Amino acid sequence: MERYNFKLIEKRWQERWENNKSFSTKIDKNKKKFYCLEMFPYPSGKIHMGHVRNYTIGDVLARYKSLQNFNVLHPMGWDSFGMPAENAARQNNLDPKSWTEKNIATMKNQLKKLGLSIDWDKEISTCSPEYYKHQQEFFLELYDKGLVYRKENYVNWDPVDQTVLANEQVIDGKGWRSGAPVERKKLNQWFFNITNFSNELLEGLGELSDWPNKVKIMQQNWIGKSFGCEVSFNIQSEKNIKNIKCYTTRPDTLFGMSFLALSIDHPIAKHYENDPNFKEFKQKCSRTGTTEESIAIAEKIGFKTDLVAINPLDENIKVPVYFANFVLMDYGLGAVFGCPAHDQRDLDFARKYNLKVTTVVKPENEDFDEINDKAYVGGGVLINSKFLNNLKVPSESIKKTIDYLEDNNLGKRKTNFRLKDWGISRQRYWGCPIPIAYDENNNPVKIPKSLLPVKLPEIKKLDSTGNPLEKIDEWKNIEIEGKKYTRETDTLDTFVDSSWYFLRFCSSKNKDYGFDFDEANYWMPVDQYIGGVEHAILHLLYSRFFMHALSFKNSKFNIREPFKGLFTQGMVCHETYKDKNNNWINPDEVVTINGKKFLKKDENQEVEVGPSESMSKSKKNTIDPEDIIENYGADSVRLFILSDSPPEKDVQWSDEGIKSSFKFIQKLWVLNQKILEEIKADHPEKNVNELKKLKSKFINNVQNNIENFSYNKIVANFHETYSALNKIISTKIDKKSWIENYRDILITMIPVIPHFSFECLENLKIEDIEKNLYWPKINKNVLVENEINFVIQINGKTRGLLKVKKDVSEKELLTKIKETEKISHYIKDKKIKKTIFIENRLINIIIEN
RNA sequence: GGGGCGAUGGCGGAAUUGGUAGACGCGUUGGUCUUAGGAACCAAUAUGGCAACAUGUGAAGGUUCGAGUCCUUUUCGCCCUACCA
């Protein structure tokens, strides 16, 4: 018997799909659509196992929906702008464009080998002018809608590389490449007014019932809506400062106030600019690291001003005003009042500077301890608060205090959002140019639509410092209608590229606009979006914003939520290995002996096995998908990457696992040959019902498991069905029944192992099978069992199973139990107090002991 | 500090509304066939016990005829977020 030659067979089917354009899709309003999208990859060089998992999960769904006669859009593209291309270009002395294009060619070829049902005709690449032209149009559209603006903002500046760093490029306050201490520098930058939609973006989450709760909560926290009020504090000062406004969610603790703290970036700071002590303090603040941990641990420090703030509720309470390192300018108003008794930070600060601690909340009906080092943040009632005393905290206190403040013109109710506007300027070459130019007075003007796209100038190599666009004068200096301008040299954040690519897929060749309204209205929203949870906040929020922004003041387009369903898959992990010199080593350098001893290949040196971690180049625990496809075939890879772990959890890649999947496909092939022989034999005897039932169960299970994303259980269904078929094969079933039922089983396997399934289907020699493929419908009645393994419990303990006919009565069952020695001895001579009888399932007999 | 998720054999994981705990796979053990086995096939595999049986889903309580599943308390682990006023 021939072994299953996956190399030949997979190649043949992939070619056939490509030549027949099997997955190319057109808009068809008579058919229900299904838009299945996986997050498009960054063309970093080669695909990795994470891609394999992501695209396999998506492909199972796409192929399943397509068999169910949905009109399926399943496209693929490239998120091809970004820093790695610049880094690679600098390192290897080439230009980002050719590096990127080469990677795309490689990865496309690799993806094709996975046998994905992708409509490659719709392929897009965000770095192509055909794509970013429309992005520039969108920029101008949002500009006209007032959703784009320019303001000064701080950036991380690397003084050696003369470049702006992203937050993740700042490591311990130093530039990741140069190692130089990073400076804060103010630059004029472009912003999308995402906060214009804060409320809509928050409310919209409520409609997203097919999103993981986790992600919705993350976005909710990110948007961070809070209710409170602005309070105005009068200031006593020799300077011209009359009052300071603070935002607070706890105005009810105002009587406990003992200081007021300002951010060092607060406008009032300009009064102290020339004070050397203040300068020193500012420097001290900027010295604390930027890592999350160092911020959290950082000591609270303050700079005492000569200002005195007066409590709006009691003018006899006068407190000092500080600048403090823990107050942020970009949240609220950059100023807070400190109530040490009921806020830990304020307490730490107060203890350090010997400020008063006045308790104003005490737990209800309880004694309370003096505040020492721990602030009391719970509820209770107000004390030491004059006319607010005895109000319940927080149910009455906050509302009543705000009412009082508003009535007396001391403050006003305010909703605040944590969400900040989206800074989209990047001082980089390899991104979408911003279609703006500046006149001689540095006023921005739009580049007219007729001059779009603003193409990136081609360069041969990148210098190591600065933004190359600044240095190309012939690109930078332009004339519009005879007037001289200088181009904006910043490019757009690459998150902009990915904020609308799913729209572009709907009509990827459309020339007049980023998408065709008719097509977009047909395909959108994406029915199922699949990708890593690491994009749970930014990418998904920006995409949602972009839809809101495009829908804003637009009569032709009104789709505010781009992704109806979201699925976040887990990572692919592998064991880590280290040699005796403590260097990471790649799995393919490791050989095992009896699965116990791990040795470094060719060196006979023992290897230390570490815990399984997500595959990463730094730990060298990666497995190259191309090697695996080469050795085991795409179907084996697909099967294995789905088995073992549920898709939302991390999966452990193992050599044994992929081998086992490979063997399983071989076994399926052997079974297929046997079935073909049975068909040839065409036994006159029939055993249809059992086969039909087996098939129906299989289809039913697989269907449920696909719908619930329990893809690991599908693999289990495959194994069970394989065993069942192997058993049933000896029972002499006639040709017609075999073909009918086995055909349906094979179709059901298409989403997971398409090459194998199609090959076997072809072997069945059913006419026009390819054109008449549909997800088999099953008769649910077939699934009903006529005999039931009835669970017999005595006093709640399972004592046995009885095979009885369906719908057996309690009385009949009890009779049968008494006849069954194995079980009856438990109740012999005992008085039955009570029985619980669950139809067709279980009986619990309660007896006296 | 805030928020979320989770804890089931040696391992990854199954277990509809509370109703046979451990599906399926890996690994391990025994066997068959083989010059060989790192191939294939068959069987066993939660723990203790010869067995009957007992015990078992991180821990402790509770609700229930019945709890992996529901409630309370608690321990541990992972993830996100972070001086958010």
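To find a chain, count down the sequence lines: A is the first, B the second, and so on, and within it residues start at 1. These figures come from a predicted structure and were not determined experimentally.
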**Request:** Scan every strand shown for a Watson-Crick or G-U wobble partner of B:G66, both distances under 3.5 Å, and answer none if you come up empty.
**Result:** none
**Request:** Using a heavy-atom cut-off of under 4.0 Å over every strand shown, decide if A:I217 touches base, sugar-phosphate, or nothing.
**Result:** sugar-phosphate
**Message:** Taking only side-chain N and O atoms of A:Y247, does any of them lie within less than 4.0 angstrom of OP1 or OP2 on B:A85?
**Reply:** no
**Item:** Syn/anti state of B:G9 by chi, 90° boundary around 0
**Value:** syn
**Prompt:** Which value, in whole Å, describes the distance between the P atoms of nucleotides B:G9 and B:A60?
**Reply:** 15 Å
**Message:** So A:N844, base contact, sugar-phosphate only, or nothing? Heavy-atom distance under 4.0 Å.
**Reply:** base
**Prompt:** Tell me: CD of A:E534 to C1' of B:C79, nearest whole Å?
**Reply:** 12 Å
**Prompt:** How is A:Y722 classified with respect to the nucleic acid when contacts are heavy atoms under 4.0 Å: base, sugar-phosphate, or nothing?
**Reply:** nothing
**Request:** Check whether any side-chain N or O of A:R345 sits under 4.0 Å from OP1 or OP2 of B:C84, and answer yes or no.
**Result:** yes
**Request:** Using heavy atoms to find the nearest nucleotide of RNA chain B for A:F417 and A:S723 separately, return the residue whose nucleotide is more 5′.
**Result:** A:S723
**Request:** Can you tell me the pairing partner of B:G6 across any strand shown, Watson-Crick or G-U wobble, with both distances under 3.5 angstrom?
**Result:** B:C76
**Ionic contact status for A:K352 with A:D348, cut-off 4.0 Å** = no
**Request:** Please state how far atom CG in A:D650 lies from atom C1' in B:C5, giving the value in whole angstrom units.
**Result:** 13 Å
**Asked** Distance between the C1' atoms of B:U16 and B:U72, in whole angstroms?
**Response** 27 Å
**Asked** Is any NZ, NE, NH1 or NH2 atom of the basic residue among A:R413 and A:E230 found under 4.0 Å from an Asp or Glu carboxylate oxygen of the other?
**Response** no
**Fill in**
To the nearest angstrom, the CG-C1' distance between A:L842 and B:A15 comes to 15 Å
**Along RNA chain B (nearest heavy atom to each residue), the more 5'-positioned of A:N712 and A:I836** = A:N712
**Request:** State whether A:Y826 places a side-chain N or O below 4.0 Å from either non-bridging phosphate oxygen (OP1 or OP2) of B:C53.
**Result:** yes
**Item:** Distance test, side-chain N/O of A:T248 to OP1/OP2 of B:A85, below 4.0 Å
**Value:** no
**Asked** For A:N717 and B:C24, is the shortest distance between a side-chain N/O and OP1 or OP2 below 4.0 Å?
**Response** no
**Prompt:** Should A:T253 be listed as having a side-chain N or O under 4.0 Å from OP1 or OP2 of B:A85?
**Reply:** no
**Message:** Regarding A:K797, tell me which of base, sugar-phosphate or nothing describes its non-hydrogen contacts under 4.0 Å with the strands shown.
**Reply:** sugar-phosphate
**Among B:C26, B:A82, B:G3, the nucleotide that comes nearest once only the side chain of A:N221 is considered** = B:G3
**Asked** How many Å lie between CD on A:E656 and P on B:U28, as a whole number?
**Response** 8 Å
**Request:** Rounded to the nearest angstrom, tell me the gap between atom CG in A:L671 and atom C1' in B:C41.
**Result:** 15 Å
**Distance between P atoms of B:A39 and B:U29 (Å, rounded)** = 13 Å
**Prompt:** Charged N to carboxylate O below 4.0 Å: is that the case for A:K619 and A:E613?
**Reply:** yes
**Asked** Which one is paired to B:U35, where only Watson-Crick or G-U wobble pairs with both distances under 3.5 angstrom count?
**Response** none
**Request:** Using atom OH of A:Y331 as one end and atom P of B:G2 as the other, report the distance to the nearest whole Å.
**Result:** 17 Å
**Salt-bridge present (A:E656, A:K663; N to O < 4.0 Å)** = no
**Prompt:** Quantified in whole Å, what is the P atom distance between nucleotide B:G31 and nucleotide B:C76?
**Reply:** 47 Å
**Asked** Base, sugar-phosphate, or nothing for A:I846, non-hydrogen atoms under 4.0 angstrom?
**Response** sugar-phosphate
**Asked** Any idea which of B:U17, B:A39, B:G13 is nearest the A:S645 side chain?
**Response** B:G13
**Prompt:** Less than 3.5 Å between a donor and an acceptor, one on the side chain of A:R841 and one on the base of B:U16, is that the case here?
**Reply:** no
**Polar side-chain atom of A:N243 near backbone of A:S232 as donor-acceptor pair, under 3.5 Å** = no
**Request:** Would you indicate what A:Q793 reaches in the nucleic acid, counting non-hydrogen atoms under 4.0 angstrom: base, sugar-phosphate, or nothing?
**Result:** base
**Asked** Does A:K374 place a side-chain N or O at less than 4.0 Å from the phosphate oxygens OP1/OP2 of B:G1?
**Response** no
**Message:** Any base atoms under 4.0 Å from A:V327, or only sugar-phosphate, or nothing? Heavy atoms, all strands.
**Reply:** base
**Asked** Just by distance, do the side chain of A:Y247 and the backbone of A:A335 share a donor-acceptor pair under 3.5 Å?
**Response** no
**Request:** Please tell me which of the listed nucleotides, B:G13, B:G19, B:A23, lies nearest to the side chain of A:A716?
**Result:** B:A23
**Message:** Can you measure A:K420 atom NZ to B:A85 atom C1' for me and round it to whole angstrom units?
**Reply:** 14 Å
**Asked** How far does the C1' atom of B:U32 sit from the matching atom of B:G19, given to the nearest Å?
**Response** 42 Å
**Prompt:** Across all strands, who's sitting opposite B:A46 as a Watson-Crick or G-U wobble pair, both distances under 3.5 Å?
**Reply:** B:U55
**Asked** Say you pick atom P in B:A14 and the same atom in B:G22; how far apart are they, in whole Å?
**Response** 15 Å
**Fill in**
Separation between CE (A:M615) and CE (A:M571), nearest 0.5 Å, reads 11.5 Å
**Asked** Whole Å only: how far is the NZ atom of A:K300 from the P atom of B:A85?
**Response** 14 Å
**Message:** Mind checking if A:S643 touches a base, just sugar-phosphate, or nothing, with heavy atoms under 4.0 Å?
**Reply:** nothing
**Prompt:** Which nucleotide in the list B:U81, B:G19, B:C83 gets nearest to the side chain of A:R418?
**Reply:** B:U81
**Asked** Does the side chain of A:R799 get closer than 4.0 angstrom to OP1 or OP2 of B:A54 through an N or O atom?
**Response** yes
**Closest to side chain of A:L801, choosing from B:U20, B:A85, B:G13** = B:U20
**Request:** Have a look at A:D644 and say if it touches a base, only the backbone sugar-phosphate, or nothing, with a 4.0 Å heavy-atom cut-off.
**Result:** base
**cation_pi(A:R418, A:W222) dist<6.0 Å, angle<=45** = yes
**Request:** Name the closest nucleotide to the A:W222 side chain, picking from B:A23, B:U81, B:C80.
**Result:** B:U81
**Message:** Please report the distance separating the P of B:A46 from the corresponding atom of B:A51, rounded so that it comes out in whole Å.
**Reply:** 13 Å
**Complete:** Re B:G12: Watson-Crick or G-U wobble partner, both distances kept under 3.5 Å, found to be B:C24
**Prompt:** For the residue pair A:L260 and A:V319, what are the closest heavy atoms and their distance?
**Reply:** N-CG2, 4.2 Å
**Request:** Using the six-membered ring wherever Trp is involved, compare the ring planes of A:F790 and A:F837 and label them parallel, tilted or perpendicular (cut-offs 30° and 60°).
**Result:** parallel
